[in-house]
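Worksheet: one structure, shown below.
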Amino acid sequence: MDTNNETTKPQGTFYDGLTGEMVIRELTDKEISSIYYPDDKPFYLPSIEKP
Amino acid sequence: MPTPPDFSVGQYNTAAYMNAIGWWRIAGGTHSGALLSLNNVFTSSYRNYMLKLDQFFTPSGVRTIGIQLQNASPSMTAYFWAGYYSTFTGGFGAANSTGAGMTYWVPGTAGGYSPMASTIEFFNPALALKTNIVVSGINFDAGYHMGGYHDTATAYNGFRIFNTVGDTCNFTWSLYGYK
């Protein structure tokens, strides 16, 4: 039985043009904080997306 | 006399022919995750680059998309940009960076229902010059055009794409270099 209660971290895709290698892995804490800007509002965003 | 490339059936490609091709697909794929990070894709082989994004969705809701230049680590400052949009329902408006620049450029906004698509052009990113960006695209709810520059005369070898809430983006991408 899996008793691991850790939250899964978001994943990222990392591509290296020198090797052609594409790696998919969990983001580090530093990477997660570097893409999180919830207070930025540079763009009008409607509260509800209408189809 | 014709200028290469001018291929004939059965003809071998020479270095001259290949070097005369001014447009090349660098890389591409389908992404699902919080971050797409590419390194060593901007080189001295090409001066300018074009990134195509399509079928771009953010399944958790409407999101602002961010894009940054990078080498071993991303540049987190000095992104200046200005754009305008016109919505499917007749609205319109402007969006822009602050006077001090932002942490990222905004190539569009995405949602979970209608696809975002975008053509993003980077001008001389691999040179120690200030990089320009030009975006022409369709947000989840509007046409969108944007231009900007990165206020640092630095050569970069790559870039990264994310949404500013840090959750999942799904999209297909292709990167081309051209001389």
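Throughout, protein chains are lettered first and strands after them, A, B, ... in sequence-line order, and every chain is numbered starting at 1. Note that the coordinates shown come from a computational prediction; the quantities given were computed from them, not determined experimentally.
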(Q) For chain B, which candidate among A:I32, A:I35, A:T19 shows the most heavy-atom pairs at distances under 4.5 Å? (A) A:I35
**Q.** Neighbours of chain A found in residues 165-178 of chain B - heavy atoms under 4.5 Å
**A.** B:V165, B:G166, B:W173
Q) Are any of the side-chain heavy atoms of B:Y104 and A:D40 separated by less than 4.5 Å? A) yes
Q) Among residues 36-50 of chain B, which ones touch chain A with a heavy-atom distance under 4.5 Å? A) B:L36, B:S37, B:L38, B:N39, B:N40, B:V41
(Q) Tell me whether A:Y36 at atom OH has more than 12 heavy atoms from other residues, nucleotides or ligands lying less than 6.0 Å away. (A) no
Q) Between B:L35 and A:M22, is there a shared hydrophobic cluster once you connect ILVMFWY residues whose side-chain heavy atoms come closer than 4.5 Å? A) yes
Q. In chain order, what residues pass the salt bridge (charged side-chain N to carboxylate O under 4.0 Å, His left out) check against A:D16, with sequence neighbours excluded?
A. none
**Q.** Segment of B:Y84 engaging chain A (4.5 angstrom heavy-atom cut-off)
**A.** neither
Q) Under a 4.5 Å heavy-atom cut-off, does chain B meet the side chain of A:L27, its backbone, both or neither? A) side chain
Q: Heavy atoms only, distances under 4.5 angstrom: which of A:S33, A:S34, A:P38, A:P10 has the most pairs with chain B? Name it, please.
A: A:S34
**Q.** Co-membership, hydrophobic cluster, residues B:M76 and B:W81, 4.5 Å side-chain
**A.** yes
Q: Search all heavy atoms of B:T103 against all heavy atoms of A:Y37 and return the closest pair with its distance.
A: CG2-OH, 3.1 Å
Q) Quick one: which residues of residues 154-162 of chain B reach chain A at under 4.5 angstrom, heavy atoms only? A) B:R160, B:F162
(Q) Membership question, hydrophobic clusters at under 4.5 Å side-chain separation (ILVMFWY): are B:F80 and B:V135 in the same one? (A) no
